[in-house]
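What follows is a short report on a single structure.
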Amino acid sequence: MDILTVLRERGFIHQITDESALREALGAGPVTFYCGFDPTASSLHAGSLVQLMLMGNLARAGHRAVGVIGGGTGMIGDPAGRDTTRDLLNEEKLAENLRGIRAQIGRFCPGVDMVDNGEWLLGLNYIAFLRDIGRHFSVNRMMSADSVRLRLEREQGLSFIEFNYVLLQAYDFLELYRRKGCRLQVGGQDQWFNILMGTELIRRIGEDGAGRGDTFGLTTPLLTTSSGAKMGKTAAGAIWLDPERLPPFEYYQYWYNCDDRDLEKFLKLFTFLPLPEIAAIVAGDIRAAKHRLAREVTEIAHGAEVALASQEAAFGLFGRPGEAKAFSVTEETPRHAAVLPRGVVDLLVESGLCRSKAEARQKIREGAVKAHADRQPVGDEKQVLAEPTLLWVGKKQVVQILSAPPAEAAGG
């Protein structure tokens, strides 16, 4: 089965510039491809996983991956998919973010060639750039892009800096075509116009005698869960890939707690398991299938040892599939240090189990809050917990409450 067919069956493909020609190119030998990541934070999150896994699948099929981190474009910010202007990053914050995401990309796509587009963008001569590159772009065409048109319809509008972003991304493709032989750019659905502009720029520069090559673009769908939530987002915030920003156990639990309707889709997109094996997993016990999903995705992001520890922690808290519940606390159990005695409502909020005191009181009234290893119901909003214990909200959210002196109770 050719790689494009595999990618389509796994759910990675939204649009391709010329599918038959790309299929032929991929079948003829290794194709160098790239995907860009602007360093808007010091870590990527689950919203980037589709692109990361797409890169991993292409690389496993023998194609050459280039990961571009936007040391240049990151100083501007991509307006695509945004209702407002991004905050401009200073050089110190940009450098910190670049360091953070560089290693993460390598986990998903071993052997990836990492480059920083600041190498060729930051030293550009503005007048020469306008003359040599800008003349190939039609303002009328640029105004037709959804990312531009939708922003112009809103009160805030679009800054001149953001309007130039498409030129820079197209120029990235040209430079990578020249430097690395990149013939394929991949990205999210919202990058379609930017990718098209890159393929057109290479074609037009080629017509001017600089050397023409066939280049392609491929975009992935913008995913939401079956419940309609944005992929990688929860009420508590983003699902970060950095273990310092999100403990691996919580990352594991995010995937285990996925909607049953999303299980097969997530196994296809976010693991490297063969499709026949995925079909067999989905046909079996649902809890076992969810644990398999969670372990696979956690192993890719954090390594096999951490994934196993997270799974054992989950088994200890919630029981193994098909077995009676046997509770035990492990090193992976979330912890919160507090000065005891402390009111249960305060503990629910401070530990992150509830977002507000009003929500905490509502959960108590609903009978969803329990304490201790044997999950004794907490029925009084004024109840005080005097000893270290376990605090539960529902069947799956739990925090180990630890006692700490006032100076050490830092909220978690």
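What you see is a predicted model, and the numbers here were worked out from it, not measured in a lab.
Checked by atom type and distance alone, the side chain of Lys290 never pairs as donor or acceptor with a backbone atom of Leu263 at under 3.5 Å. A donor-acceptor contact shorter than 3.5 Å links the side chain of Arg107 to the backbone of Ala301. Not a single donor-acceptor pair under 3.5 Å links the side chain of His14 to the backbone N or O of Thr219. Under a 3.5 Å cut-off, the side chain of Thr199 and the backbone N or O of Leu196 do form a donor-acceptor pair. With Asp38 contributing its side chain and Thr40 its backbone, the two residues share no donor-acceptor pair below 3.5 Å. Within the 3.5 Å criterion, the main-chain N or O of Asp214 finds a donor-acceptor partner in the side chain of Arg183. Between the side chain of Asp259 and the backbone N or O of Ser226, no donor-acceptor pair lies under 3.5 Å. Of the possible polar contacts, none joining the Glu299 side chain to the Ala307 backbone as a donor-acceptor pair under 3.5 Å is found.
Contact of the Trp255 side chain with the Thr271 side chain is not registered, since no non-hydrogen atoms from C-beta on lie closer than 4.5 Å. Side-chain contact between Cys258 and Leu293: present, with at least one pair of heavy atoms (C-beta onward) separated by less than 4.5 Å. Looking at Val115 and Leu176, their side chains come closer than 4.5 Å, going by heavy atoms from C-beta outward. Side chains of Leu167 and Phe129 form a contact here, defined as non-hydrogen atoms less than 4.5 Å apart. When side chains are defined from C-beta on, Met55 does not count as touching Phe108, because their heavy atoms never get closer than 4.5 Å. Side-chain contact between Ile105 and Ile69 is present, with heavy atoms from C-beta onward closer than 4.5 Å. Counting heavy atoms from C-beta on, the side chains of Met53 and Ile300 come closer than 4.5 Å. Taking the side chain as every heavy atom from C-beta outward, Leu168 and Asn117 never approach each other to under 4.5 Å.
Comment: Glu175 engages Arg178 in a salt bridge, judged by a side-chain N to carboxylate O separation of less than 4.0 angstrom. A salt bridge is absent between Arg287 and Asp285: the closest approach of a Lys/Arg side-chain nitrogen to an acidic carboxylate oxygen does not fall below 4.0 angstrom. Electrostatic pairing of Glu312 and Arg320 counts as a salt bridge here, judged by a charged N lying under 4.0 Å from a carboxylate O.
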> How far apart are the C-alpha atoms of Leu201 and Phe137, what are their side-chain angles, what is the distance that settles it, and do they pass the side chain to side chain contact (heavy atoms under 4.5 Å, CB included) test?
Replying inline: CA-CA 8 Å; Leu201 176 62; Phe137 289 81; 4.1 Å; yes
> Hey, mind stepping through Tyr165 and Asn194 against side chain to side chain contact (heavy atoms under 4.5 Å, CB included) and telling me if it holds?
Replying inline: CA-CA 9 Å; Tyr165 188 93; Asn194 293 349; 4.1 Å; yes
> Between Leu26 and Asp2, does a side chain to side chain contact (heavy atoms under 4.5 Å, CB included) hold up when you go through it step by step?
Replying inline: CA-CA 8 Å; Leu26 292 170; Asp2 68 271; over 6 Å; no
> Under the side-chain hydrogen bond (donor to acceptor under 3.5 Å, both in side chains) criterion, do Thr225 and Arg261 qualify, and how do the steps go?
Replying inline: CA-CA 9 Å; Thr225 65; Arg261 296 169 293 177; over 6 Å; no
> Between Leu353 and His336, does a side chain to side chain contact (heavy atoms under 4.5 Å, CB included) hold up when you go through it step by step?
Replying inline: CA-CA 10 Å; Leu353 288 171; His336 172 75; over 6 Å; no
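Across all non-hydrogen atoms, the minimal contact from Leu22 to Phe216 is N-CE2, 3.6 Å. The shortest heavy-atom contact between Ser43 and Gln104 is OG-NE2, 3.0 Å. When all heavy atoms of Arg335 and Val399 are compared, the closest pair comes out as C-CG1, 4.0 Å. Taking each heavy atom of Ala371 and Leu391 in turn, the nearest pair found is CB-CD1, 4.3 Å. Minimum heavy-atom separation, Val349 to Ala360: CG2-CB, 4.4 Å. Contact record, Cys354 with Val393: SG-CG2, 4.3 Å, taken as the closest heavy-atom pair.
Note that CD1 of Ile202 and CG of Leu174 are 5.5 Å apart. Values are rounded to the nearest 0.5 Å. Atom CG in Leu241 sits 9.0 Å away from atom CG in Leu246 (nearest 0.5 Å). Here CG of Asn164 is found 14.5 Å from OH of Tyr171. Values are rounded to the nearest 0.5 Å. Atoms CG and CG, from Leu269 and Leu49 in turn, are 9.5 Å apart once rounded to the nearest 0.5 Å. Gln400 contributes atom CD, which lies 12.0 Å from atom OG of Ser351 (distance to the nearest 0.5 angstrom). The CD atom of Glu381 sits 6.0 Å away from atom CD1 of Ile364, with the distance rounded to the nearest 0.5 Å.
The neighbour count for Glu305 CD, taken as heavy atoms of other residues, nucleotides or ligands under 6.0 Å away, does not exceed 12. For Lys363, the NZ atom sits in a loose shell: 12 or fewer heavy atoms of surrounding residues, nucleotides or ligands are nearer than 6.0 Å. More than 12 non-hydrogen atoms from other residues, nucleotides or ligands lie less than 6.0 angstrom from NZ of Lys265. Heavy-atom contacts from other residues, nucleotides or ligands closer than 6.0 Å to CD of Glu24 number 12 or fewer.
A donor atom on one side chain and an acceptor atom on the other are not found under 3.5 Å apart for Gln185 and Gln191. Side-chain contact of Gln169 with Thr73: a donor-acceptor pair under 3.5 Å is absent, judged by distance alone. At a cut-off of 3.5 Å, with distance as the only test, a side-chain donor of Arg365 or Gln362 sits close to an acceptor on the other residue. Counted by atom type alone, Thr215 and Arg203 present zero donor-acceptor pairs between their side chains at under 3.5 Å.
Ring centroid separation for the pair Tyr34 and Phe173 comes in under the 6.0 Å cut-off.
Judged as a side chain to side chain contact (heavy atoms under 4.5 Å, CB included), and not counting sequence neighbours, the contacts of Pro274 are Pro276, Glu277.
Pairs of residues two or more places apart, or lying in two chains, that qualify as ring-ring contact (aromatic ring centres under 6.0 Å, His included) and include a residue from residues 293-314 are Tyr251-His302.
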